[in-house]
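Here is the naming used below: chain letters follow the sequence lines, and residue numbers restart at 1 for every chain.
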Amino acid sequence: MSTRPQNVKGMRDHLPQAMMLRQSIQATMRTVFERYGFEPLQTPIVEYAETLEGKIGDDEKLIYRFETEGGRRFALRYDQTVPLARVVAQYQNQLLFPWRRYAMGQSYRGERPARGRYREFWQADVDIIGSASPLADAEIIALLSDVLAALGFTGFTTLLNHRQIIGGIARVAGLPEAQAGGVYRAIDKFDKIGAAGVRDELLRSGIAADAVERIITLVSLDGPTDGVLDELGQRLADDARAVLAITNLREIIAAVRAMGIAEARIAVAPRLARGLSYYTGAVFEAVVADPPMGSLLGGGRYDELIGLFAGRPIPTVGLAFGIERLHDVMTELGLGPQQRSVAQAFVTIFGAAQRAASLELAQQLRHAGIAVETALDAGERLSRQFQHADRRGVPLALVLGPDELAAGTVVVKQLASGQQQTVARAGLIELIRQLHATAGPDGR
RNA sequence: GUGCCUGUAGCUCAAUGGCAGAGCGCCUGACUGUGGCUCAGGAGGUUGUGGGUUCGAAACCCAUCAGGCACCCCA
């Protein structure tokens, strides 16, 4: 190995500062997921290539594949939904449905990396497997609202649509199924290129002008949830599947309201198309206006995918949080824990004569549940030890010198302010906890 | 996968074909029980990498790697 050290393109190293945020994101999610009764599941990153092939459509070229000497073909998972389908099929007789499970882990896609998009990325998936009830959809939407709120987001909106509303729009415009895919892709860009841009794109793809206008009118619908649904109901009244879809959305929204989700948090958006490859019912995603970032999460109902593996229909609704995007956006917004160090206190070593006593003090604190970093060089000047602790972002430095040892006390110095106090050993743990509890927003 | 932009010290950036620099950061000391401030001094570069053009390349050309932006698609 003489080459320069270099991480693989599109795959990130997460240094401690970033990891503290990532771990807090995951811990927050785990707490909320379990509060909604979801159980953890973990599956291997590697699957047999055949398991993944034929499930996600044209994007199969993005799957990382490799082959062993013996000719076994493997693939890195592309998402956590297909592995879920495999697990459901494989352990059908051990699982109780409806089954709520969550999974956090990395997936891999050979895409061109960009901001908020990486070749290795973590997702947190939650799914309710084996229920067609609109209450299941509503549970997922309520959960995602709680997760985003718990992470500190205040300005997010969950956009809702339904696969059969989009399908109905295409059908009402008189488009054959073959042309529908292009229409979906065009209208999904609505937020990016606007109504005029979508109109241009549709016209350029050869769709008749009057059909284009009908589509634009429908996908431009915006405003209060019930108003949009009423309007859709009138304009799509001739399409039976769309009518059912609208009823379904009304049921979901009624349940979401019953769960107390604020009206401002949700919006019916006929322009939301998403990757429609396996979605069959409601689809949703959450977006923040500032900073601009693609969707933070996306999901929907897919009643057929798991059946491909299980051999019988298993209706499922779920979503995936994009941990990379949450991480990037939260970093830009300054959300999440601001602490720079996991350690709450730094135990200095005054000199060789106090080394043993300092180590003993550190252990005493650790066993009391306080995260402690110690100095490692008894010969280092105290000033250097303070400097090191402060640079590391440890809020407190403890000094156990000859005077303190003689008096049975410890000096506790708050590095941010420089204030220090001398406390009896008996009161030390209480003082540290107190200072930690009253620490400012930067953990100090 | 396609197109465009960028890459110089740890970081942010100068130097437009002619001696590789600044600010911040870092190290040492002033300061042997107290970091940040101040002052003095110091270290740090294969100009992403490889090739080419040229008397001479950080600069121009080609390739490659990495990052960003727009497509495509998505978390």
Protein-nucleotides 3-9 of chain B N/O pairs closer than 3.5 Å?
| unit_1 | atom_1 | unit_2 | atom_2 | d |
| --- | --- | --- | --- | --- |
| G3(B) | O6 | R112(A) | NH2 | 3.2 |

Inset, instruction - Taking T157(A) for its side chain and L159(A) for its backbone only, find out whether a donor-acceptor pair lies under 3.5 Å. - result: no
Inset, instruction - Using the side chain to side chain contact (heavy atoms under 4.5 Å, CB included) rule, pick out the option among V399(A), L396(A), T422(A) that qualifies with V412(A). - result: L396(A)
Inset, instruction - Hunt down any stem RNA chain B takes part in, defined as 3 or more consecutive Watson-Crick or G-U pairs whose two distances are each under 3.5 Å. - result: B:1-7 with B:65-71, B:10-13 with B:21-24, B:26-30 with B:38-42, B:48-52 with B:60-64
Inset, instruction - Confirm from the modelled atom types if Q420(A) and G33(B) form a donor-acceptor pair under 3.5 Å, side chain to base only. - result: no
Please work out if [X] contacts a base, only the sugar-phosphate, or nothing of the nucleic acid, heavy-atom cut-off 4.0 Å.
X       : answer
G10(A)  : sugar-phosphate
F321(A) : nothing
Q419(A) : nothing
R109(A) : base
G110(A) : nothing

Inset, instruction - May I ask you to say whether D127(A) pairs ionically with R100(A), meaning some side-chain N is under 4.0 Å from a carboxylate O? - result: no
[M] and [N], which share atom name [atom1], separated by this distance in whole Å:
N      : M      : atom1 : answer
U8(B)  : G48(B) : P     : 6 Å
U64(B) : G7(B)  : C1'   : 13 Å
A58(B) : A9(B)  : C1'   : 14 Å
G3(B)  : U54(B) : C1'   : 31 Å
G17(B) : A59(B) : P     : 12 Å
C61(B) : A20(B) : P     : 22 Å
A15(B) : G23(B) : C1'   : 15 Å
U16(B) : C60(B) : C1'   : 10 Å

Legend entry - Distance in Å, L95(A) CG paired with E39(A) CD, rounded so as to fall on 0.5 Å steps: 8.5 Å
Legend entry - Interatomic distance, L365(A) atom CG to L428(A) atom CG [nearest 0.5 angstrom]: 5.5 Å
Gap between atoms [atom1] and [atom2], on [X] and [N] respectively (whole Å):
X       : N      : atom1 : atom2 : value
L398(A) : G35(B) : CG    : P     : 17 Å
D188(A) : C71(B) : CG    : P     : 12 Å
F386(A) : G36(B) : CZ    : C1'   : 12 Å
L272(A) : A75(B) : CG    : P     : 11 Å
Y118(A) : A66(B) : OH    : P     : 15 Å
R325(A) : A75(B) : CZ    : P     : 8 Å
L405(A) : G33(B) : CG    : P     : 15 Å
D403(A) : U34(B) : CG    : P     : 12 Å

Inset, instruction - Locate the shortest heavy-atom distance separating I429(A) from Q364(A); write the atom from each residue and the value. - result: CD1-NE2, 4.3 Å
Any side-chain N or O of [X] less than 4.0 Å from the OP1 or OP2 oxygen of [N]?
X       : N      : value
R391(A) : C26(B) : yes
K413(A) : G33(B) : no
K9(A)   : A66(B) : yes

Legend entry - Distance-only donor-acceptor check, side chains H388(A) and E373(A), under 3.5 Å: yes
Inset, instruction - Cation-pi check, R30(A) to Y102(A): give yes when NZ or CZ is under 6.0 Å from the six-membered ring centre and within 45° of the ring axis, no otherwise. - result: no
Inset, instruction - With side chain to side chain contact (heavy atoms under 4.5 Å, CB included) as the test, would you mind laying out the steps for Q421(A) and V411(A) before giving the verdict? - result: CA-CA 6 Å; Q421(A) 50 194 302; V411(A) 169; over 6 Å; no
Legend entry - salt bridge (Lys or Arg N to Asp or Glu O under 4.0 Å) partners for R241(A), two or more places apart: none
Inset, instruction - Would you mind telling me which residue lines up with the more 5' stretch of RNA chain B, V411(A) or K192(A), judged by nearest nucleotide? - result: V411(A)
Inset, instruction - Name all residues meeting the side chain to side chain contact (heavy atoms under 4.5 Å, CB included) criterion together with V342(A); count only those two or more places apart in sequence or in a different chain, and write none if there are none. - result: M20(A)
Inset, instruction - Mind checking side chain to side chain contact (heavy atoms under 4.5 Å, CB included) for E67(A) and listing every partner two or more places apart, or none if nothing turns up? - result: R73(A)
Inset, instruction - For this output row, return yes or no: ring centroids of Y78(A) and Y108(A) closer than 6.0 angstrom. - result: no
Check nucleotides 28-32 of chain B against the protein and report each pair of N or O atoms closer than 3.5 Å, with its distance, or say if there are none.
| unit_1 | atom_1 | unit_2 | atom_2 | d |
| --- | --- | --- | --- | --- |
| U28(B) | OP2 | R384(A) | NH1 | 2.8 |

Inset, instruction - Describe, in one word, how the ring planes of Y279(A) and Y302(A) are oriented to each other, choosing from parallel (under 30°), tilted (30 to 60°) and perpendicular (over 60°). - result: perpendicular
